[in-house]
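Because the structure is predicted, anything quoted here is derived from the model rather than measured. Heavy-atom basis, side chains included; hydrogens, waters and symmetry copies ignored. Chain A is the first sequence line, chain B the second, and so forth, proteins listed ahead of strands; every chain is numbered from 1.
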Amino acid sequence: MSFTINSHHRSFKSLHLPLKIFIFNSTFSRHLTSCSNRSSNSIDAESFFTFLLQKSTRKVHLSQIQNHLIVHGLQSNGFVITKFINRSFELKEIDYARQVFDEFPDRHVFLWNAVIRGYSMHKMFDKVIEMYSAMQIAFVNPDAFTFPYVLKACGDLPELGFGRAVHAQILRHGFDNDAFLRNGLLSFYVKCDESVSARVVFDQMKVKDVVSWTLIVSGYVQNGEAVEALRVLRNMRESGVNLDWIASVSALKACSDIGDLNQGRCLHGLVIRMGYELEPDLRVALVSLYAKCGEATAARSLFYEAKVVDVMLWNSIISGFAKSGYASEALELFNQMIGRSIRPDAVTIQSSVLASAQIGSLEQAKRMECYVNASSYRHDGVIRTALIDMYAKCGSVELARRVFNHTTTKDVVVWSAMIMSYGINGWGRDALALFHEMKMAGVCPNEVTFLGLITACSHSGLVEEGWEVFHSMRGYGVEPRQKHYGSIVDMLGRAGDLGKAYRFIEAMPVDPGASVWGALLSACEVHRSVWLGERAAERLLSLGAFDAGHHVLMSNLYASVGLWGGVDRVRELMRSRGVCKDSGCSAVEICGA
DNA sequence: GTAGGGTTAG
């Protein structure tokens, strides 16, 4: 152990501490003895107490130290008290730290920062904001270290209005050229989904470092604009800023979001050239990319060759496999994990429940529910939602409902999942009744609730009711989106009213997207409407969204009316565009096997 | 003592 005696600017007297009083803990007293032996005559009071604070591990140590500060007249030494407050927060003695602060007469900005930092450390963001406000009332000027914590609090809560006011105060206090704070502001606007303000802050930056670029890239990724994110990333490299490993993580996430395996592979190569391939957290992003894109071999080798295998790495491969048609592999890995006594977390379980849903086996679903019920996550809202969805996908509305009934706190997501469960299984009336019940319970519907309701009407032939739901959305403050329009087209198409579906698309207030034309195309396939099907296919082609499934629909449509020339044209198109038909499969469970 | 990332239900 080394203990250097610092010479601080403050003067001090030789200390005569009755050290025996400190002897309540052998480790703590050992430090004290060692310390006092080394500096027997005169020691720096501040350094001594700083050292003591570092070695204290319990509240009783803190209160002993506090007593001695008083004895030695250091109770109003701001330097020591700041350290004292920092250590109290580190030891999770939050109320105690606050009490010391409240009782301190001369509150310098450092002291305020210590309390604000402490609350931030414990994610008590409302307290951060409360202290920042109190600081202003006390006429203490914040410094460059105050704002980052306050901005983080505003971003995490999120508290857009307050954050905007903080932005104004940063300008007023003359910190507008502080590069660190500009990145903090950017982070705040990104977290609040304020892409316009984020962009303004970003564009006004004189110096954009890799952090600034990473923030704006992750903002686009968060917004579902992965293509734009990758474009910005190219700009970054063109402007001479190199990717570091964190920026690479965001870039890889953008690739996996849009399934751009080629660009992902290029980035992987770049990452290797830059020497980041062993970075454990980057490996999570790589495994996730390959697993989500269905590159099972690549994902596995990266996984098994990893030096650090933490829960997140397990999660990345399990959830990636669950989403890319490798559900049984995902469950196999989940079992391996349990076999090796590695504790799954909520994300692991969510992903494994999803994998069970994809498999579609009721027996597996029941096993999964048993596992959840025996775990500490049995009341986790997200996992209960996943269980409801799982049973619905395995065809058991009753078991989904049982999970729903046993869920104590039902948020809008849980209600929506149950409505969707009824919907996809054709229990339209029950979905509508549950929606009514949900409103009675005072829960506000969101866009997914309406998607579930329209799906329910669509799958049950309740066309009138579906229209009614669709037209009522805005009354609940929910703007219809592409998926809702697509779902209505699907509903009209299933009912055989292709003309009405087409007119509905024509009258849409927003440009119809791929989901809308895709819904029309599949309705055309069912009802053998070649003319309209060709219109839909043309639009999908021009949107660049004519995928393998659409080729198959078109080919089947031509075949169903005997237009074999059309079938050949589609086949030729598939060959020329390098599209492969995804191998489809269906599973039937017999006696639980 | 200050800013960026990855796994995550409907």
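In this structure, Ser319(A) reaches the sugar-phosphate backbone alone: every heavy-atom distance under 4.0 Å involves primed, P, OP1 or OP2 atoms, never a base. As judged by a 4.0 angstrom heavy-atom cut-off over every strand, Tyr149(A) is placed among residues touching the sugar-phosphate backbone only. Within 4.0 Å (heavy atoms only), Lys410(A) reaches no atom of the nucleic acid at all. Heavy atoms of Lys292(A) sit under 4.0 angstrom from primed sugar atoms or phosphate atoms, though from no base atom. Counting any heavy atom pair closer than 4.0 Å across all strands shown, Lys83(A) reaches no nucleic acid atom. Note on Ile383(A): nothing from the nucleic acid sits closer than 4.0 angstrom, heavy atoms only. The residue Asp244(A) sits close to a base: some heavy atom pair falls under 4.0 Å. Among the protein residues, Asn113(A) comes within range of the nucleic acid bases, having at least one heavy atom under 4.0 Å from a base atom. Backbone-only engagement by Met420(A) is indicated by non-hydrogen atom pairs under 4.0 Å involving sugar-phosphate atoms exclusively. When heavy atoms are screened at a 4.0 angstrom cut-off, Val210(A) is found touching base atoms of the nucleic acid. When heavy atoms are screened at a 4.0 angstrom cut-off, Trp213(A) is found touching no nucleic acid atom at all.
Looking only at atom types and distance, the side chain of Tyr220(A) has a donor-acceptor partner in the side chain of Arg199(A) under 3.5 Å away. No side-chain donor from either of Tyr377(A) and Gln350(A) sits under 3.5 Å from a side-chain acceptor of the other. Thr449(A) and Ser416(A) share a donor-acceptor pair across their side chains, judged by distance under 3.5 Å alone. Side chains of Gln169(A) and Tyr132(A): a donor on one and an acceptor on the other come within 3.5 Å.
Of all nucleotides in DNA chain B having an atom under 4.0 Å from a heavy atom of chain A, the first and last in 5' to 3' order are dG1(B) to dG10(B).
A donor-acceptor distance shorter than 3.5 angstrom exists from the side chain of Ser460(A) to the backbone of Gly426(A), with no hydrogens or angles considered.
The existence of a salt bridge linking Glu279(A) and Lys307(A) is excluded, since no basic side-chain nitrogen approaches an acidic carboxylate oxygen closer than 4.0 Å.
Side-chain rings of Phe180(A) and Phe147(A) stay apart, their centers remaining 6.0 Å or farther from each other.
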